[in-house]
Amino acid sequence: MSDFATRLIAWQQEDGRHGLPWQVADGYRVWLSEVMLQQTQVTTVLDYYPRFLAQFPTIFDLAAAPLDDVLALWSGLGYYTRARNLHKCAQAVVTQYGGEFPRDPALVAELPGIGRSTAAAITAFSYGTRAAILDGNVKRVLTRWAGIDGYPGVKAVENKLWGLAHALLPAEQIEAYTQGLMDLGATVCTPKKPTCLTCPMNADCQARLSNRQGELPTPKPKKTVPEKSTVMLIIRNDAGQILLEKRPPTGIWGGLWSLPEVESTLIASELAAQQLGLKIELEPALPDFVHVFTHYKLTITPQPAYAIAVSALHESNAQWFNIDAALAAGIPTPIRKILSKTPK
DNA sequence: AAGGCGGGGCG
DNA sequence: CGCCCAGCCTT
């Protein structure tokens, strides 16, 4: 039987994914796709990626753009730190490296938003650099194939996996090999119901031999998620516009436009007057809905209101938007949900 | 309702 | 370092 890499490369060429728009030897395109794919499924990225490239055809265009434009294109993808780092990284690559990513993965990993695995993917696909990736797909493939117990987020387990990932690297055809690892994890060695019968590693996969595919990788220890609630004000003015506030640059929905929030509807009017400098009249609240994050549950009460006395706004980070303009701005998903139901 | 998915930043 | 933070989508 041929070794791991030989089998994987042969499998990739025959049965792997081909023709994805970012399968090109171009640092900018590979980097953009890798950052989008960090927390997002391929099918979603296939939707966002071409729009993004159309507006920013080169890394120079991205570096020169206002952050707000980048966030607007990122709207709905989540983990908005990625968009801010993407923008910073483009500027760094332009100023430090003349617009081209370095060939050394260690240098690439110094850039904002790029860690060891993403750096390896960028250099492997762009330059054929011999560097090991270790993303979620690879962790799953390797823990199963080698029968490695323990949650991969634990340092000792992760170190073991990096060592194995490096040891398995072939001398050449890094691109097909790296793509093969990703493809195998995404299409065969899936989290649930892996299709081991078609897997090129099935003959010596430790998980399969011991029938432990369902137990590996060892799952993350669970924690109880806190529940929070908030009231979101949908304040209209005479012109039918809506008031949005820009959130602070870090923390949840950092840098995005969002609805003003108060803790309860009872004090909404007072707080609006105080914080925004607006006199408002509350309308009946809309039904609550729950937005679930991994780390907490947020119950949102949408509270429509009408601004009766509009003077200059207190806050420089608050602004009136037409609904269409708001929907085109960088806004988080629940806000989009509320605004798309708001009549124009 | 739960699981999956990399990297940054803080103490 | 270890630990916490962060937002979607799919199952």
Side-chain angles (χ1 to χ4, degrees), chain A residues 30-49 71 73-89 92 105-106 108-122 131-141 143-144 150-159 161-162 165 181-182 185-187 189-194 214-228 230 247-256 258 289-300 330-337:
Chain A
V30 172
W31 163 63
L32 177 62
S33 73
E34 287 299 326
V35 173
M36 285 187 169
L37 289 164
Q38 274 170 5
Q39 307 293 62
T40 310
Q41 302 282 336
V42 169
T43 52
T44 307
V45 173
L46 281 173
D47 182 34
Y48 279 75
Y49 182 82
L71 286 170
L73 277 168
W74 205 268
S75 176
L77 271 183
Y79 282 91
Y80 298 96
T81 300
R82 290 185 294 169
R84 288 193 298 279
N85 281 331
L86 196 79
H87 191 232
K88 267 201 271 183
C89 183
V108 175
E110 300 288 309
L111 292 162
I114 302 178
R116 185 173 168 185
S117 185
T118 301
I122 293 169
I133 62 165
L134 190 63
D135 64 11
N137 282 325
V138 181
K139 286 175 180 171
R140 193 166 53 249
V141 169
T143 52
R144 284 178 177 163
Y151 173 57
V154 170
K155 206 64 185 169
V157 180
E158 197 180 340
N159 288 341
L161 287 167
W162 273 116
L181 269 181
M182 293 176 169
T187 66
C189 194
T190 48
K192 297 191 176 151
K193 299 187 187 172
E215 296 164 37
L216 296 175
T218 304
K220 185 190 178 90
K222 296 189 200 189
K223 274 187 287 190
T224 56
V225 298
E227 301 191 13
K228 307 182 186 183
T230 187
R247 301 184 60 92
T250 56
I252 183 173
W253 301 330
L256 270 69
S258 189
F289 69 97
V290 177
H291 186 75
V292 186
F293 301 97
T294 307
H295 311 283
Y296 62 92
K297 242 170 93 169
L298 183 63
T299 302
I300 298 171
I331 55 174
T333 295
I335 308 301
R336 181 172 303 279
K337 210 157 141 186

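In what follows, chains carry the letters A, B, and so on, assigned in the order in which the sequence lines appear, proteins first and then strands, with residues in each chain numbered from 1. Predicted model, so just to flag it, every value in this text is computed and none were measured.
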What's the OH-C1' distance between A:Y151 and C:dG2, to the nearest Å?
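Interatomic distance, OH of A:Y151 to C1' of C:dG2: 13 Å.
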Over how many whole Å does the gap from A:Y48 atom OH to C:dG7 atom P extend?
13 Å
[X] side chain: which of [options] is closest?
X	options	result
A:Q39	B:dC5, C:dC8, B:dG7	B:dC5
A:W253	B:dC5, C:dG7, B:dG7	C:dG7
A:K155	C:dC8, B:dG6, C:dG2	C:dG2
A:R140	B:dG7, B:dG4, C:dG7	B:dG4
A:N85	B:dG4, B:dG7, B:dG8	B:dG8
A:K192	C:dG7, B:dG3, B:dG7	B:dG3
A:T118	C:dG2, B:dG6, C:dC8	B:dG6
A:P191	B:dG7, B:dG4, C:dG7	B:dG4

Kindly say whether [Y] contributes a backbone atom to a donor-acceptor pair with the side chain of [X] at under 3.5 angstrom?
X	Y	result
A:T190	A:T187	no
A:Y48	A:S75	yes
A:Q38	A:S33	no

Please check the phosphate of C:dC8 (OP1 and OP2 only) for any side-chain N or O of A:Y80 closer than 4.0 Å.
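For A:Y80, the contact criterion (side-chain N or O under 4.0 Å from OP1 or OP2 of C:dC8) is met.
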Would you please confirm or rule out a distance under 4.0 Å between OP1 or OP2 of C:dC8 and any side-chain N or O of A:T333?
yes
Rounded distance (nearest 0.5 Å) linking atom CH2 of A:W162 with atom NZ of A:K139
8.0 Å
Could you tell me whether A:L256 contacts a base, only the sugar-phosphate backbone, or nothing, with contacts defined as non-hydrogen atoms closer than 4.0 Å?
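No contact.
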Contact class for A:P219 vs. all strands (heavy atom < 4.0 Å): base, sugar-phosphate, or nothing?
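Touches nothing.
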Write down the distance separating the P atoms in B:dC10 and C:dG7, rounded off to the nearest Å.
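Pairwise P distance, B:dC10 against C:dG7, rounds to 16 Å.
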Nearest-nucleotide check on DNA chain B, A:I114 vs A:Q41; residue mapping nearer the 5' end is A:Q41
Taking any strand in view, what nucleotide pairs with C:dC3 in a Watson-Crick or G-U wobble way, both distances under 3.5 Å?
B:dG9
